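Worth knowing before you read on, the calculation uses all heavy atoms, side chains too, and leaves out hydrogens, waters and symmetry mates. These figures come from a predicted structure and were not determined experimentally.
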Amino acid sequence: MAYREFTDSGLSRRGLLRGGAYLAGGSMLASLPFGSALFAHDVSEAWPHLSAEIEKYLSEKKLANAIAALGWKQDPHAHSVGGGTLALSGSTKADLNSLYRIYSMTKPITGMVAMQLISEGKMALDQPLSDILPAFAQMQVQKEYDGAISEDNLEPAKSPITIRQLLTHTSGLGYQIIQQGALKDEYYRLGLAPGQVSRMPIPGIPTIEPAESLELFADRLATVPLVYQPGTKWSYSVGLDLMGRVIEVASGMAFDEFLRTQIFEPAGMTSTWFSVPQSELGRFTTNYGILNGTPMPMDPAKASIYLDEPPFPFGGAGLVSSPRDYDRFLKMLLGYGMIEGKRVIGELAVRVGTSDILPETATTEGTWIEGQGFGAGGRVTDGSYGWGGAAGTVAFVNYKAGLRANLMTQYMPSEAYPIHEGFPKAVAADLAAMQGAGA
């Protein structure tokens, strides 16, 4: 099977969709010069819009820190804009090696691992999930979205969940951070909360006993109704967390071990973990909750829940990483699976995974990604692929410009500040200025 799966699976080659504020400006980026020459002078001066955006947050003490890492194509070094300290009350400077909770920026990593297994023929893009996890063979679907979990509000799934649907949030699975009412209660009752925030109680976030393993998480999830018929609508979900279990079964290796040996070590990502080693505590940031515009410590580094081993590796929201490490992941994507002469992921796996692989039957109308595409765990728009995290982090690659970019900071909820939209807009504005100066 191997690479033939990508051409025989009915993959739509509609191209990268236009529009959307997120990762905007791709058409303008195509004619920019490549290489590291643009970084030959002071980096902050080279990126004035981005620098001003970050400085505003830091000077007003809305954030303890914000570090942007930027690089061109396979330029060996990431270059930074920003600063601050690991905590508002501290003096240790944040830099490219500081550690951040990246939450949903874990999803593109899990997605690319899945694409590699597809390229190796160990599973297929349009393969039914139940071939790998039989418990998902007979799923029930809510007739009324987020309605009651009762016989009169349930009907059988009209088609099986597929691997493609898990990767693109079109499987019909729910999410405890999205659903309301009975379904949300059921997710919490079964410990289906694939992420962690703090050891301390957080108002509005129930304290639950999470599932103790990926296998148990998957088995319990199979008993919960879907919110949509599979393949009909984009709906943010636990699909990439479930993919962790799929990867375990398909590869025959524990999910976290697979990531470590197949992605992190080959790509030189030496600072990416599901829990922070005690020896690395000195570069770990504090996470803040924004209360009436004021940041309050909600997960102090020295008492962080990320110092504990998680109940299972959360493939959708569980990793801690550094700006430098995530830049290496992005650099590998820009190299279509290659980094510094080493192949980590197959070229076609990356090309397909960073393209629009939404099912033809799925609508995005009224969703976060309306008018855009979606790849393996990340948004696709006008030459760019990327995603953000719940604590303000955001990252993308733009293939037209040969640019890799990520911004790391720590605050929740992410919508408290417009950083997810503001970061790519500021980058696009600076790139436009560079283009104009070189015209």
Side-chain angles (χ1 to χ4, degrees), residues 20-86 88 93-98 100 105 285 293 295 322-324 326-327 330-331 334 381-386 388-389 392-411 414 416-439:
Y22 185 86
L23 311 187
S27 58
M28 155 293 279
L29 306 181
S31 59
L32 287 170
F34 298 136
S36 58
L38 290 174
F39 291 106
H41 47 80
D42 179 80
V43 174
S44 295
E45 290 182 3
W47 301 86
H49 290 88
L50 178 57
S51 181
E53 180 87 357
I54 291 175
E55 181 55 32
K56 182 175 184 295
Y57 285 107
L58 297 181
S59 64
E60 295 177 0
K61 304 249 181 241
K62 290 183 175 180
L63 297 173
N65 56 74
I67 300 289
L70 305 118
W72 298 106
K73 287 191 168 181
Q74 295 300 296
D75 184 35
H77 302 294
H79 303 271
S80 65
V81 173
T85 53
L86 298 184
L88 282 168
K93 300 292 187 182
D95 58 26
L96 289 172
N97 292 310
S98 300
Y100 293 83
M105 274 165 48
T285 55
S322 68
R324 190 185 304 279
Y326 210 85
D327 174 74
L330 299 177
K331 180 179 174 182
L334 272 185
T381 179
D382 208 12
S384 290
Y385 163 88
T393 59
V394 60
F396 65 91
V397 290
N398 186 286
Y399 286 98
K400 291 184 177 182
L403 176 70
R404 56 191 203 258
N406 76 75
L407 177 69
M408 299 288 193
T409 187
Q410 296 284 258
Y411 71 93
S414 61
Y417 304 137
I419 287 178
H420 279 181
E421 297 80 15
F423 173 60
K425 282 183 178 179
V427 170
D430 285 329
L431 288 171
M434 292 178 194
Q435 183 190 37

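- The two residues Ser414 and Gly392 make their nearest non-hydrogen contact at CB-N, 4.1 Å.
- No side-chain heavy atom of Leu63 sits less than 4.5 Å from a side-chain heavy atom of Ile54.
- Here the CG atom belonging to Asp327 is positioned 8.5 Å from the CG atom belonging to Leu70, to the nearest 0.5 angstrom.
- The distance from the CG atom of Leu86 to the CG atom of Asn65 is 6.5 Å, given to the nearest 0.5 Å.
- Scanning both residues, Gln410 and Thr393, for their nearest heavy atoms gives NE2-CG2, 4.1 Å.
- Interatomic distance, NE2 of His79 versus CH2 of Trp47, reported as 10.5 Å (0.5 Å rounding).
- Nearest heavy atoms, Lys61 versus Pro295: O-CG, 3.4 Å.
- The shortest side-chain heavy-atom distance between His49 and Lys425 does not fall under the 4.5 Å cut-off.
- In terms of heavy atoms, Pro323 sits closest to Leu96 at CD-O, 3.2 Å.
- Rounded to the nearest 0.5 Å, atoms CG (Leu334) and CH2 (Trp72) are 10.5 Å apart.
- Within the 4.5 Å cutoff, side-chain heavy atoms of Tyr57 are placed close to those of Ile419.
- Asp75 and Arg404 are not joined by a salt bridge, as no carboxylate oxygen comes within less than 4.0 angstrom of a charged side-chain nitrogen.
- Taking all atoms of both residues into account, the shortest heavy-atom contact from Ile67 to Ser80 is CG2-CB, 4.3 Å.
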